[in-house]
There are 2 protein chains.
Amino acid sequence: MPDPKPVHTQIPPSQQASRFARAREVQSRALLEDYVELIGDLIAAHGEARVADLAERMGVAHPTATKTVARLKREGLATARPYRGVFLTDEGARLADRVRSRHRTVVDLLIALGVPPEHAELDAEGIEHHVSRRTLQAFEDFLVRGQARSES
Amino acid sequence: MPDPKPVHTQIPPSQQASRFARAREVQSRALLEDYVELIGDLIAAHGEARVADLAERMGVAHPTATKTVARLKREGLATARPYRGVFLTDEGARLADRVRSRHRTVVDLLIALGVPPEHAELDAEGIEHHVSRRTLQAFEDFLVRGQARSES
DNA sequence: TGAAAAATATAGCCACGGCTACATCAATGG
DNA sequence: CCATTGATGTAGCCGTGGCTATATTTTTCA
Ligand SMILES: [Mn+2]
Ligand SMILES: [Mn+2]
Ligand SMILES: [Mn+2]
Ligand SMILES: [Mn+2]
């Protein structure tokens with residue numbers, strides 16, 4: 001495969017800039033999305049979400065989890081009473097559901113394309129946040145098509 | 001679509017933590033990847049890569065681009081002489097080629113799945129960095145399969 | 001050729017998201 | 001029932017990646 005062309009420089013700089021801006025924007029939301037999803041999971045599984053559990057499952061020290069929870073509160077996605085658990089606001093819960101569903105769709109797509117399941121999970125944890133509504137719809141349509149084929 | 005199950009809490013915390021750690025690791029490399037790709041593109045298109053052009057195309061102020069170039073130098077991916085352009089080391093050039101090729105594959109896959117081209121470019125700019133070798137191979141295989149079908 | 005303009009560098013600010021060390025609160029059990 | 005222990009909060013450090021303002025260098029052109 002010889003000389004890949006620099007397609008990037010063939011578009012207006014401002015348009016390219018807006019693509020990178022979008023990626024940065026998404027990135028700043030990614031951590032919040034993972035946290036609300038995890039908080040929702042923990043509440044569903046154990047009735048509560050403790051900071052220590054968040055930290056353990058995120059693989060960070062607990063002050064880091066505390067700080068992120070503070071940001072979730074600032075953004076109106078979670079509430080927390082000192083020395084008690086963390087809870088999702090309605091908005092946080094809705095976001096958690098969307099994120100969880102999207103996560104599954106991304107994993108399912110990767111698996112459908114032949115990626116080993118555990119590998120799919122690894123990649124999906126980062127990919128998911130950059131998948132827009134439109135792309136998600138395309139993933140779902142593809143999965144439905146594949147399902148229809150295997151049923152016939 | 002009723003109650004998405006909290007699959008996340010059904011795996012060992014340490015395994016879940018390692019997935020998030022991987023996503024963080026990838027993220028810390030993403031900006032460097034975009035810069036080396038862009039530097040390579042600019043050199044191919046204009047014979048040089050100036051900090052002002054990097055800043056304009058990345059959509060950031062030029063001190064931000066300067067700082068990132070400093071990091072590229074520290075990481076052995078680029079060189080730069082003051083008030084002159086930015087250049088890629090051999091390692092940087094190799095990385096740029098890999099990143100450029102992967103970017104195209106991701107965009108092509110999204111388009112093949114029915115995502116409108118400009119939309120595919122937007123999402124791919126973030127997705128690409130989280131696509132591992134294995135997943136990339138799956139994407140390429142799928143694209144080859146589709147091509148074979150349309151040729152028959 | 002030298003003054004103005006453009007490009008680049010530098011300084012220093014901020015928010016985020018890591019961390020360690022330490023303080024404080026809550027839960028348990030001897 | 002209170003002392004210990006575990007969980008949580010707080011303080012303060014660091015690197016990254018944004019920014020603005022200012023200094024310096026290079027380029028341009030009158
Ligand atoms: Mn994720
Ligand atoms: Mn996820
Ligand atoms: Mn990118
Ligand atoms: Mn790219």
Side-chain angles (χ1 to χ4, degrees), chain A residues 13 16-36 38-39 42 46-87 125-126 129, chain B residues 13 17-39 42 46-87 125-126 129:
Chain A
Q16 186 171 13
S18 70
R19 290 181 190 166
F20 287 122
R22 204 323 198 81
R24 286 194 298 270
E25 167 68 24
V26 163
Q27 196 48 45
S28 81
R29 290 209 50 125
L31 191 71
L32 301 184
E33 291 181 349
D34 284 333
Y35 267 80
V36 296
L38 179 53
I39 291 168
L42 287 171
H46 306 122
E48 62 174 2
R50 310 301 299 227
V51 169
D53 296 335
L54 293 175
E56 184 185 19
R57 288 201 125 87
M58 293 300 300
V60 298
H62 53 278
T64 301
T66 299
K67 221 185 256 191
T68 305
V69 168
R71 199 179 151 213
L72 289 174
K73 288 196 281 186
R74 248 188 300 139
E75 310 249 343
L77 296 171
T79 60
R81 298 195 320 285
Y83 295 99
R84 293 290 179 263
V86 182
F87 310 91
E125 200 54 77
H129 307 284
Chain B
S18 69
R19 289 182 191 166
F20 288 121
R22 208 313 203 83
R24 285 193 298 269
E25 167 69 24
V26 164
Q27 196 48 47
S28 81
R29 291 208 50 115
L31 190 71
L32 301 184
E33 292 182 347
D34 285 334
Y35 267 80
V36 295
E37 182 184 1
L38 179 53
I39 291 168
L42 287 171
H46 306 122
E48 62 175 1
R50 310 299 300 225
V51 168
D53 297 334
L54 293 176
E56 184 185 20
R57 287 201 125 85
M58 294 300 301
V60 298
H62 41 279
T64 301
T66 300
K67 221 186 258 191
T68 305
V69 168
R71 199 180 152 212
L72 289 174
K73 289 197 281 184
R74 250 187 300 137
E75 310 249 344
L77 296 171
T79 59
R81 297 195 320 286
Y83 296 97
R84 293 290 181 263
V86 182
F87 311 91
E125 200 53 77
H129 308 283

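Numbered from 1 within each chain, the chains take letters A, B, ... in sequence-line order. All heavy atoms count here, side chains included; hydrogens, waters and symmetry mates do not.
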Can you tell me how far apart [atom1] ([X]) and [atom2] ([Y]) are? Round to the nearest 0.5 Å.
X: B:L54; Y: B:L72; atom1: CG; atom2: CG; answer: 8.5 Å
X: B:F20; Y: A:R57; atom1: CZ; atom2: CZ; answer: 9.5 Å
X: B:L32; Y: B:L77; atom1: CG; atom2: CG; answer: 6.5 Å
X: A:L42; Y: A:R50; atom1: CG; atom2: CZ; answer: 11.5 Å

For [X] and [N], what is the distance between atoms [atom1] and [atom2] respectively, to the nearest whole Å?
X: A:E75; N: C:dC16; atom1: CD; atom2: C1'; result: 11 Å
X: A:R29; N: C:dC16; atom1: CZ; atom2: C1'; result: 15 Å
X: A:E56; N: D:dA7; atom1: CD; atom2: P; result: 10 Å
X: B:R74; N: D:dC14; atom1: CZ; atom2: C1'; result: 12 Å
X: B:L72; N: D:dG15; atom1: CG; atom2: P; result: 18 Å
X: A:E25; N: C:dA15; atom1: CD; atom2: P; result: 17 Å
X: A:Y35; N: C:dC16; atom1: OH; atom2: P; result: 14 Å

Hey, does A:Q16 have a side-chain heavy atom less than 4.5 Å from the side chain of B:L38?
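Yes, at least one pair of side-chain atoms sits under 4.5 Å.
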Base versus backbone protein contacts along nucleotides 19-27 of chain C [heavy-atom cut-off under 4.0 Å; B, S, -]:
BBB--BSSS
Quick check: does any side chain N or O of A:R22 sit under 3.5 Å from a backbone N or O of A:A17, one acting as donor and the other as acceptor?
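Not at all, since once roles are kept as given, no pair shorter than 3.5 Å links the two residues.
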Phosphate oxygens OP1/OP2 of D:dG17: is one of them under 4.0 Å from a side-chain N or O of B:T68?
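No, no such contact exists.
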Any side-chain N or O of A:R71 under 4.0 Å from OP1/OP2 of C:dG17?
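The answer is yes; a side-chain N or O of A:R71 sits under 4.0 Å from OP1 or OP2.
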